[in-house]
Amino acid sequence: MISTLHKMGVKSSLMYAAGIASIGASVASWLVSKNMEPAGIDRADRWGIYVGQWAPTFFALGVALRIEEAHDTSREEMEMQEPLMSDRTRTPAGL
């Protein structure tokens, strides 16, 4: 799933931003529910907790995508070094 997200162009920074936005949305939903609904603070707490639970998921996806990006970068570096290594092995020793 992570490699598919990476191939689709989703970056780790986007997931980190979504995690931070989720925290803000949690506070906002708690305030709106507390002030606008007659159900009381219990429902406001539930809304805040519900939206707040998204943040760890977004941060975990961000970390996984960061690892995928690092692996992708290291693969590209290895591919760039392969032609240099093959040239060295073809030259006779001592020349």
Side-chain angles (χ1 to χ4, degrees):
M1 179 179 120
I2 299 302
S3 62
T4 304
L5 286 173
H6 181 67
K7 288 176 187 174
M8 290 171 51
V10 178
K11 302 287 184 194
S12 60
S13 57
L14 177 67
M15 287 295 134
Y16 294 140
I20 292 170
S22 169
I23 293 169
S26 173
V27 172
S29 67
W30 180 80
L31 283 171
V32 168
S33 180
K34 180 180 165 222
N35 295 328
M36 302 293 265
E37 289 186 315
I41 193 124
D42 291 340
R43 184 175 289 178
D45 288 346
R46 281 186 229 122
W47 271 112
I49 291 169
Y50 172 70
V51 176
Q53 288 179 346
W54 302 345
T57 303
F58 287 131
F59 287 126
L61 286 171
V63 169
L65 283 167
R66 174 76 61 155
I67 292 169
E68 187 70 24
E69 291 164 3
H71 283 291
D72 194 34
T73 303
S74 64
R75 279 188 222 125
E76 288 175 1
E77 289 174 358
M78 287 179 63
E79 289 172 0
M80 290 175 62
Q81 290 176 357
E82 281 181 9
L84 297 174
M85 306 265 296
S86 63
D87 290 344
R88 286 186 208 159
T89 57
R90 290 183 191 155
T91 45
L95 292 178

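Just so it is clear, the values below take in all heavy atoms, side chains as well, and ignore hydrogens, waters and symmetry mates. These numbers come from a predicted model, not from an experiment.
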Kindly indicate whether the side chain of Lys11, heavy atoms from C-beta on, has any atom under 4.5 Å from the side chain of Leu65.
no
Is there a side-chain contact between Ile49 and Gln53 (heavy atoms, below 4.5 Å)?
yes
Cluster overlap [X] with [Y], hydrophobic side-chain contacts below 4.5 Å:
X	Y	value
Val27	Met36	no
Leu14	Phe59	no
Trp54	Met15	yes
Val32	Ile41	no
Val63	Met8	no

Donor-acceptor pair, [X] side chain versus [Y] backbone, under 3.5 Å?
X	Y	answer
Ser22	Val51	yes
Ser26	Gly48	yes
Ser33	Ser29	no

Go through the steps to decide whether Glu69 and Ser12 satisfy the test side chain to side chain donor-acceptor pair (under 3.5 Å), and finish with yes or no.
CA-CA 8 Å; Glu69 291 164 3; Ser12 60; 3.2 Å; yes
Atom pair OG1/CD of Thr4 and Glu68 - distance to nearest 0.5 Å
9.0 Å
Would you compute the distance between atom CZ of Arg43 and atom NZ of Lys34 and round it to the nearest 0.5 angstrom?
16.0 Å
